[in-house]
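Down below is the structure, laid out as structure tokens.
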Amino acid sequence: MPGLWSQIYQVVKCIPRGRVATYGQIAQLAGLPNGARQVGYALSALTDPHSVPWQRVVNVRGEISLRSNPDYADLQRKLLEAEGVVFDCKGRISMSQYQWRSGCGGVFE
DNA sequence: CTTGTGACTGTAC
DNA sequence: AGTACAGCCACAA
């Protein structure tokens with residue numbers, strides 16, 4: 001039985017390439033309807049960034065959040081652009097166009 | 001157990 | 001559009 005954080009990581013891994021998801025969305029899919037902050041905390045505590053597409057997680061406004069590491073924010077944007085995600089002049093993503101619509105195999109739908 | 005902190009979100013001004 | 005505040009949850013001290 002995986003813990004809540006493992007559940008969060010699992011959901012993040014389900015985000016398809018070229019798509020993004022919000023913290024609240026992931027929280028809900030992971031079983032934490034009000035745990036958006038916890039999702040951020042889980043990602044900040046990520047010990048294995050290599051196996052989790054954390055770059056596909058953004059806030060509900062379509063912006064990159066990263067508070068303590070603006071350095072990583074730049075990396076996140078680069079990675080997303082490499083996947084085909086386009087940022088507008090204000091550094092935001094068109095969520096209506098890129099937000100991931102859950103479809104992890106049937107359970108989440 | 002209480003307090004502070006954080007990669008969040010929604011409402012109000 | 002931006003700023004301020006208040007809920008929210010898990011973790012460290």
Side-chain angles (χ1 to χ4, degrees):
Chain A
M1 284 297 283
L4 289 176
W5 285 28
S6 302
Q7 200 79 23
I8 291 172
Y9 298 145
Q10 194 60 42
V11 174
V12 175
K13 288 177 185 173
C14 286
I15 304 174
R17 183 179 173 286
R19 291 297 182 115
V20 297
T22 68
Y23 294 92
Q25 182 180 1
I26 291 171
Q28 187 170 3
L29 291 173
L32 295 165
N34 295 21
R37 298 195 68 150
Q38 194 50 31
V39 173
Y41 192 91
L43 292 181
S44 69
L46 240 184
T47 56
D48 209 352
H50 191 276
S51 53
V52 179
W54 57 271
Q55 68 271 20
R56 296 175 188 150
V57 184
V58 296
N59 64 25
V60 74
R61 291 181 175 181
E63 293 179 322
I64 294 176
S65 294
L66 296 180
R67 289 187 163 177
S68 325
N69 294 75
D71 203 42
Y72 275 74
D74 187 63
L75 173 62
Q76 177 169 12
R77 175 165 177 165
K78 274 183 107 178
L79 290 172
L80 287 177
E81 289 180 330
E83 295 184 354
V85 177
V86 179
F87 288 75
D88 63 15
C89 55
K90 294 177 184 174
R92 298 190 304 193
I93 302 171
S94 300
M95 295 306 285
S96 55
Q97 184 178 357
Y98 292 105
Q99 185 167 28
W100 171 49
R101 308 202 172 184
S102 359
C104 242
V107 189
F108 305 112
E109 209 177 338

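The analysis underlying the following values was restricted to heavy atoms, covering all of them including side chains, and did not include hydrogens, waters or symmetry mates. A note on names: the letters A, B, ... follow the listed sequences, proteins ahead of strands, and every chain is numbered from 1.
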Subject >> More than 12 heavy atoms of other groups within 6.0 Å of A:E63 CD >> reply: yes

**OP:** For residues A:I26 and A:I15, determine if any side-chain heavy atom of one lies less than 4.5 Å from a side-chain heavy atom of the other.
**Re:** yes

Original post:
Nearest of B:dA7, B:dT9, C:dT3 to any side-chain atom of A:T22?
Top reply: B:dT9

Original post:
Distance check: side-chain N/O of A:R67 vs OP1/OP2 of B:dC8, anything under 4.0 Å?
Top reply: yes

Original post:
Do the rings of A:Y72 and A:W54 sit parallel, tilted or perpendicular, given the 30° and 60° boundaries?
Top reply: tilted

Subject >> Rounded interatomic separation in angstrom, taking CG from A:N59 and P from C:dG2 >> reply: 12 Å

Original post:
In terms of side-chain heavy atoms of A:Y23, which of C:dA1, B:dT9, C:dC8 is nearest?
Top reply: B:dT9

Original post:
If only side-chain N and O atoms of A:R92 are considered, is one of them under 4.0 Å from the OP1 or OP2 phosphate oxygen of C:dA1?
Top reply: yes

Subject >> Pair A:R56 + A:E83: basic N to acidic O under 4.0 Å >> reply: yes

**OP:** Return the value, rounded to whole Å, for the distance between atom CG of A:L80 and atom P of B:dA7.
**Re:** 18 Å

**OP:** Give the rounded distance in Å between these two atoms: CZ of A:R77 and P of B:dA7.
**Re:** 20 Å

Original post:
A:N69 has an atom CG; how far is it from atom C1' of B:dG6, in whole Å?
Top reply: 12 Å

Original post:
How long is the line joining CD of A:Q25 and C1' of B:dT9, in whole Å?
Top reply: 14 Å

Original post:
How about A:L43 and A:Y9: do any of their side-chain heavy atoms sit closer than 4.5 Å?
Top reply: yes

Original post:
Would you say A:S65 reaches B:dC8's phosphate, i.e. side-chain N/O to OP1/OP2 under 4.0 Å?
Top reply: yes

**OP:** Considering only atom C1', compute the distance from C:dA13 to B:dA7 and round it to an integer number of Å.
**Re:** 22 Å

Original post:
Do A:R37 and B:dG6 have a side chain to base donor-acceptor pair shorter than 3.5 Å?
Top reply: yes

Original post:
Given atom CD1 of A:I64 and atom P of B:dG6, what is their separation to the nearest angstrom?
Top reply: 20 Å

Original post:
Once you round it to whole Å, what is the distance between P of B:dC8 and CD of A:Q28?
Top reply: 18 Å

**OP:** Would you kindly give the CD-to-P distance between A:E63 and B:dG10, to the nearest whole Å?
**Re:** 14 Å

Subject >> Shortest non-hydrogen separation from A:L66 to A:A73 and the atoms involved >> reply: CD1-N, 3.0 Å

**OP:** Between A:G35 and A:K90, just flag the one whose closest nucleotide in DNA chain C comes earlier from the 5' side.
**Re:** A:K90

Might you list the N or O atoms of the protein lying below 3.5 Å from N or O atoms in nucleotides 10-13 of chain C, with each pair's distance?
{"from": "C:dA10", "atom 1": "O4'", "to": "A:Q38", "atom 2": "OE1", "distance (Å)": "2.5"}
{"from": "C:dA10", "atom 1": "O4'", "to": "A:Q38", "atom 2": "NE2", "distance (Å)": "3.2"}

Original post:
Do A:I64 and A:I93 have side chains that get closer than 4.5 Å, going by heavy atoms?
Top reply: no

